[in-house]
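Written out below as structure tokens is the structure these notes cover.
Below, chain A is the first sequence line, B the second, and so on; all start at residue 1. Below, all heavy atoms of this structure are taken into account, side chains as well, without hydrogens, waters or symmetry copies.
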Number of protein chains: 2
Amino acid sequence: MTNIYDIAKKAGVSPATVSRVLNNKPGLKESTRQKVLQIAKELNYSPNYLARSLKKQRTDTIALIVSDITNPFFTTLARGVEDKASQNGFNVIFCNTDEDIKKEKAYLELMLQRRVDGILIASCSDGKTFSLFRKKNVPLVLVDRRVNKPNLDCVTGDNEEGAYQLTKHLIDTHNIKKIAILSGPLTLSTSRERIQGYQKALYESSIKIPENYTVIGTYKEDFGYQATMEFLKKKGPKIEGIFAGNNFIAIGVIKAARELGIRIPEDLALVTFDDFEFASSLFPFLTAAKQPAYTMGSLACEFLLQRIKGEKIKERREVVLKPEILIRRSCGCQR
Amino acid sequence: MTNIYDIAKKAGVSPATVSRVLNNKPGLKESTRQKVLQIAKELNYSPNYLARSLKKQRTDTIALIVSDITNPFFTTLARGVEDKASQNGFNVIFCNTDEDIKKEKAYLELMLQRRVDGILIASCSDGKTFSLFRKKNVPLVLVDRRVNKPNLDCVTGDNEEGAYQLTKHLIDTHNIKKIAILSGPLTLSTSRERIQGYQKALYESSIKIPENYTVIGTYKEDFGYQATMEFLKKKGPKIEGIFAGNNFIAIGVIKAARELGIRIPEDLALVTFDDFEFASSLFPFLTAAKQPAYTMGSLACEFLLQRIKGEKIKERREVVLKPEILIRRSCGCQR
DNA sequence: CTGAAAGCGCTTACAG
DNA sequence: CTGAAAGCGCTTACAG
């Protein structure tokens, strides 16, 4: 591929001058500027970003690490990130961890080697390995999921509030008391906070629930299905409502209920975190706490870019975005 | 950040030797290998991929260019790409064009500057600018959408066949004849092929349809809505069925019908290309041609990687993946 | 207004 | 088994 030297030779100037022209530096004779531009075009010149990055010590690239881009929540979040990034001349590399700590670590190290200027991460780990980045001085911003250890900017949803509202709705509006929560893993802040909101609502209404009404699993359909099956087949006091930790779990709940001929919401009320955009637009069924995923991604990216540009921000920022509570049918409203 | 020289100095060897150790080259004294590895670890060394790429003339990075990652079809396709890529030590940069030819061109040029090893693209253009890549010898593989000009590997869905089956189903099973197609733009091969399949089915059954039953628009909900509104409000012979060019258009159709109190499928049958995974799992409503998006992405990526690795493949490959025809309720079955 | 030179951090052909 | 040196393709401080 043609480089700056080829152009220089043909234009009868030094490579330095070519570089200056190509970078729009001031103080160049207009005629040489024109000539260089002309020749660059003729030769179909494409500047080598690698060389530039190596010299300038920045790549204009960031990494986005999430569990699975296929989860509509992350898809939308990713779009928010990409838009903000590209508006600022940055590209983004996507990484899927599938909630695997080892994969996360591997990606983190790889992204470091690739010298990305910063990292956006919805971590499935405890963030122990993040100190690496502090040391190397590459900024890292948390998105969706909180991590205890380090002193990092953080953009999340208000999980506790959403869970609280959802649970309270079941209690206050539908007079339902026997509510179980099917939660994601406790290693994730989202799970812990949602459980907290759920418990707060129960507590405020002085509802005592057996411990085994809090079931810890994964954010997957299969878990929702299995856990619901167990509840519905169990003898003893009948469960009246389920709070699904996320949308995938909710699908599992619905499938299990269907299989057993249990009607939602008539026989069992259901509320969930996260919405399915497309499904809801056609079938407004699930009562859900919908998070502003796009904004979350866009804002987190903005924070990251600020850190990258070295804007002097004294302390760490923590933004908590309120979810929108969408009251639909699965809770028992609008039957 | 520490580099190979720092390690060399501390280990009392040359940078060349450090490089050899780090790259697992054979023929090194075990003791120096150990020493270098040890020191690299102590210094928290992270090899600079930029420098390596510059020297080796490859980045182990590919670009995926689609219109909108937020479209579930592309989301799944993207996951297929990312999985295949990362299994082979490649990372992928995502680009959203929003069906804007200028954006596409800009991304293409940018990716060239970043010296990605190859490009995967669902193009919204006619591919005129692709010759650039031929010249520069960076491989490019078409996915989902065909482009006439160049001699490129290509993995697409069988749009004609899917459209044919869907239309034929409406005709044969439901005895519906007045079927309109709401198509995406004619600049896209998917649109053209779907129209072809639709026409073929009509032709085979000797059904003559007025020209204005073929409506060209965009792959967006709003177009589906507007076009349906016009049909339903129009005087004259009543339309009996709609073939939606894709899932977004189908949503528009449904919304328009609802607004006017037209029942689907009782008053109007509907079939569509592309499915909504999640919606369908809960509400199996839309009769649709579902494409193997993950496979499409994965396979296209595989082709690209082969080209990148320079495997000698004589001629261009063209794979056409059959869609799965999902007969559900919107066509009139299983009412 | 422009050039010569150093340097970003690697890899590798050539020698020994 | 290992080192010195060149080179990948840029940018930029220093001179003039």
Please determine if a side-chain N or O atom of [X] lies less than 4.0 Å away from the OP1 or OP2 oxygen of [N].
X      : N       : result
K55(B) : dA6(D)  : no
Q57(A) : dG9(C)  : yes
T17(B) : dG3(D)  : yes
S19(A) : dT11(D) : yes
N23(B) : dT11(C) : yes

Rounded to whole Å, how long is the line connecting atom [atom1] of [X] with atom [atom2] of [N]?
X       : N       : atom1 : atom2 : value
I7(A)   : dG9(D)  : CD1   : P     : 12 Å
R58(A)  : dC8(C)  : CZ    : C1'   : 14 Å
N24(A)  : dT11(D) : CG    : P     : 12 Å
Q113(B) : dT11(D) : CD    : C1'   : 16 Å
D6(B)   : dC8(C)  : CG    : P     : 10 Å
K56(B)  : dG9(D)  : NZ    : P     : 16 Å
I4(B)   : dG7(D)  : CD1   : P     : 19 Å

Residues of residues 25-52 of chain B with a heavy atom under 4.0 Å from any atom of DNA chain D, listed by number, are G27(B), L28(B), K29(B), T32(B)
Would you say the side-chain atoms of [X] and [Y] include a donor-acceptor pair closer than 3.5 Å?
X       : Y       : answer
N96(A)  : Y107(A) : no
S53(A)  : R114(B) : no
N88(B)  : K309(B) : yes
R146(B) : T190(B) : no
Y45(A)  : D6(A)   : no
Q38(B)  : Q34(B)  : no

Query raised in the report: Any salt bridge between R145(B) and E104(B), counting N to O under 4.0 Å?
Result: no
Practice item. Ignoring the backbone of R20(B), work out which of dG3(D), dT11(C), dT11(D) is nearest its side chain. Key: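 Output: dG3(D).
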Of the candidate nucleotides dC10(C), dG9(D), dG3(D), which contains the atom at the shortest distance from the side chain of A16(B)?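 From the listed options, dG3(D) comes nearest.
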Practice prompt. Using a cut-off of 6.0 Å, state whether more than 12 heavy atoms not belonging to K29(A) lie near its atom NZ.
Written response: no
Only residue of V138(B), I93(B), I119(B), I308(B) satisfying side chain to side chain contact (heavy atoms under 4.5 Å, CB included) with I62(B) is I308(B)
Please determine whether any donor N or O and acceptor N or O are separated by less than 3.5 Å between the side chain of R115(B) and the base of dG9(D).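 No, no donor-acceptor pair under 3.5 Å.
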Could one point to a donor on the side chain of Y5(A) or the base of dC10(D) with an acceptor on the other under 3.5 Å away?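 Present.
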With D153(B) as partner, the option from R316(B), R307(B), Q306(B) fulfilling side-chain hydrogen bond (donor to acceptor under 3.5 Å, both in side chains) is R307(B)
DNA chain D nearest-nucleotide lookup for G12(B) and L54(A): closer to the 5′ end is G12(B)
Stems for DNA chain C (at least 3 consecutive Watson-Crick or G-U pairs, under 3.5 Å) come to C:1-3 with D:14-16, C:5-12 with D:5-12, C:14-16 with D:1-3
